[in-house]
Amino acid sequence: MPGRYYQTTPIYYVNDAPHLGTAYATVCADALSRWHRLIGDETWFVTGTDEHGLKILRAAESNGVSAREWVDRTSSRFVEAWKALGLSNDDFIRTTEERHFRSVQTFMQAIYDNGHLYKGTYEGWYCVSCEAYYNEEDLLDHNRCPVHEKPVEWFTEENWFFALSKFGERLSEWYGAHPGAIFPETRRNEALGIIRSGLKDISITRTSISWGIPVPWDPEHVFYVWYDALVNYISAIGFGSDHDRFEKWWPAVHHLLGKDIIRFHCVWWPAMCMAAGIDPPAHLLVHGFLLVGGRKMGKTAFNQVDPVELGEDVGNDALRYYLVRDFAIGHDGEFTYEGLIERYNSDLANNLGNLLARVATVVGSKAAGIGPPPQRRPDGSASRLAETAAAVVGEVREAWGRFAPHEGLEATWRLIRAANAELEAVAPWKLDPGPEADAVLGDALEVLRIVAVLVSPVLPDTAEEIWSRLGLGGSGSPAAPGNAGPEGILDWGGYPGGVPVTKGRPLFPRRSVE
RNA sequence: GGCGGCGUAGCUCAGUUGGUAAGAGCACACGGCUCAUAAUCGUGGGGUCGCGGGUUCGAGUCCCGCCGCCGCUACCA
């Protein structure tokens, strides 16, 4: 039964260009979204940029431009990067947009009206780069920030505080009633641990800067950047301005987020939603990090890789395949160029690409270039491949359903291998043209048809290409919504036969590790 | 300090509530095939499951200790 699926990524902070770590999260979200479209869910996929805060103001200053100019420029780099990688986001939300201002103000006003905000003062050592206060004992010598190792500054501010401490109980209850809300389970335990250990009220406004969203009832203040940023998830779906649209997508959301921001997403944000009188987000998917040499890849490290360049190098599909196949959502993984090329060669070139090539060639020589349909053996038996395909399709569905697309891909490749093995066993290139050769070729073509649909969330361009080479160009797209749904086309026997099969250039030319 | 995680074949990792000889992919070796992108198919070698104790008829799987690595630590995207 088709449902609704709203997918988000964290919105990225615009003090630098996108790197592979941000691309990883966005690619995962893209793949999940594409899968849900494929099974017929009504799907909405949003990413965007986070553009407020002192750090951005200073970045703009040091680059000699206005804050507005700076965020426009930097945000567009994200827009362009996702476009270059061929991602399928339906919307791109920026926190400097009017629609976001309105939603934040409506949302925060509701929390205020519900009595969960109060005025207090906050002072302490403040790291501008972190936009965070630190306890003195956490500082390095000479009062330096432990993250950036730069000197902190003593700030005193009158702030509005959110009474987070009042929500521990309700959060615990909610998570108790929704055991599947956080994936994977270890992250759920971590979030519960945070809640159990006691929550402190948090200051959510700043008066020291004006680059932010004004507090409606106290315009000297702007909202603290996190409090503004999290709201993007609902401002993107019309909170405060389009009630029907908001109701349609909320709370059927799947927030994808990094394990470093669990506190904000799994504690603050649900509490904020409760305080404002809306449901907490239904699903929080916590991903791991891409590591380089055992260290997190990130903008503060030197180990950045430009995802767009990498996509141009190996192809967007191959890059996405590597990211989704080699890294289980929820786990860290070691990123290497060699690993990427290894995956490319063994899975994409040798197994998938080569299967299509060899089948196309033999269809050309033994079936006059016209693809035969899958059919029964002369002895009346159905192909072993039919059985394998059915099992694999089920496994793929199940794997995506529990946020393990890497397992779905692994299963898909079992089917591809089985098709290669079946070809070896029958060796149609040795047979005279006829029913026996046609049968195995039809089976192989049918496998390729099914595979095209199954891989389309990760290899969308490749899926289309396979589709057209199988002669199916006239019959829609392998990625058409619902193709993997209950009324979909994944049952064995869908390849019609009688259509021209074209060989074409290698789908994935082998590459050497340089 | 506190909380949590990790350490399984050369590499990347699977291993449900402890029990049919410790697995997969890649890499490697041998053999087959030659339709295919020197691709593919089959077979095989290889692991004291970080270390040391303990519980048990039986532990990679539970308990204790140790070693190594890594996160989070309450206003960093």
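Only heavy atoms go into these numbers, but all of them, side chains included; no hydrogens, no water, no symmetry mates. Within every chain, numbering begins at 1; the chains are lettered A, B, ... in the order of the sequence lines, protein sequences first and strands thereafter.
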Novice: Can you measure A:E422 atom CD to B:C41 atom C1' for me and round it to whole angstrom units?
Specialist: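 About 12 Å, once rounded to whole Å.
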
Novice: Hunt down any stem RNA chain B takes part in, defined as 3 or more consecutive Watson-Crick or G-U pairs whose two distances are each under 3.5 Å.
Specialist: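 If one scans RNA chain B for consecutive Watson-Crick or G-U pairs, the stems found are B:1-7 with B:67-73, B:10-13 with B:23-26, B:28-32 with B:40-44, B:50-54 with B:62-66.
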
Novice: Return the value, rounded to whole Å, for the distance between atom CD1 of A:I416 and atom C1' of B:C26.
Specialist: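 The distance from CD1 of A:I416 to C1' of B:C26 comes to 16 Å, rounded to the nearest Å.
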
Novice: Could you tell me whether the phosphate oxygens of B:A39, OP1 or OP2, come under 4.0 Å of any side-chain nitrogen or oxygen in A:R510?
Specialist: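 A:R510 to B:A39 OP1/OP2: side-chain N or O found under 4.0 Å.
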
Novice: In whole Å, measure the gap between the P atoms of B:G60 and B:G54 for me.
Specialist: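 Roughly 15 Å separates the two P atoms.
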
Novice: Atom CD of A:E424 and atom P of B:U34: how far apart are they, to the nearest Å?
Specialist: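 Interatomic distance, CD of A:E424 to P of B:U34: 10 Å.
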
Novice: Using a strict 4.0 Å threshold on nitrogen-to-oxygen distance, state whether A:R206 and A:D228 make a salt bridge.
Specialist: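 No.
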
Novice: Using the C1' atom on both, measure B:A21 against B:G47 and round to a whole Å.
Specialist: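 Each nucleotide's C1' atom is 15 Å from the other's.
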
Novice: Round to a whole Å and report the spacing from CZ of A:R402 to P of B:A14.
Specialist: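 So the CZ-P distance, A:R402 to B:A14, works out to 12 Å.
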
Novice: I'd like to know if A:E190 reaches the base of B:G71 with its side chain such that a donor and an acceptor end up less than 3.5 angstrom apart.
Specialist: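 Counting by modelled atom types and ignoring angles, no donor-acceptor contact under 3.5 Å is found here.
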
Novice: Tell me which nucleotide among B:U40, B:C76, B:C33 gets nearest to the side chain of A:W429.
Specialist: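 Selected nucleotide: B:C33.
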
Novice: Rounding to the closest angstrom, what is the interatomic distance between B:C49 and B:A59 at atom P?
Specialist: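 Per the computed distance, 12 Å lies between those P atoms.
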
Novice: Hey, does the side-chain of A:N354 have a donor or acceptor N/O within less than 3.5 Å of a partner on the base of B:A36?
Specialist: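 Side chain to base: pair present.
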
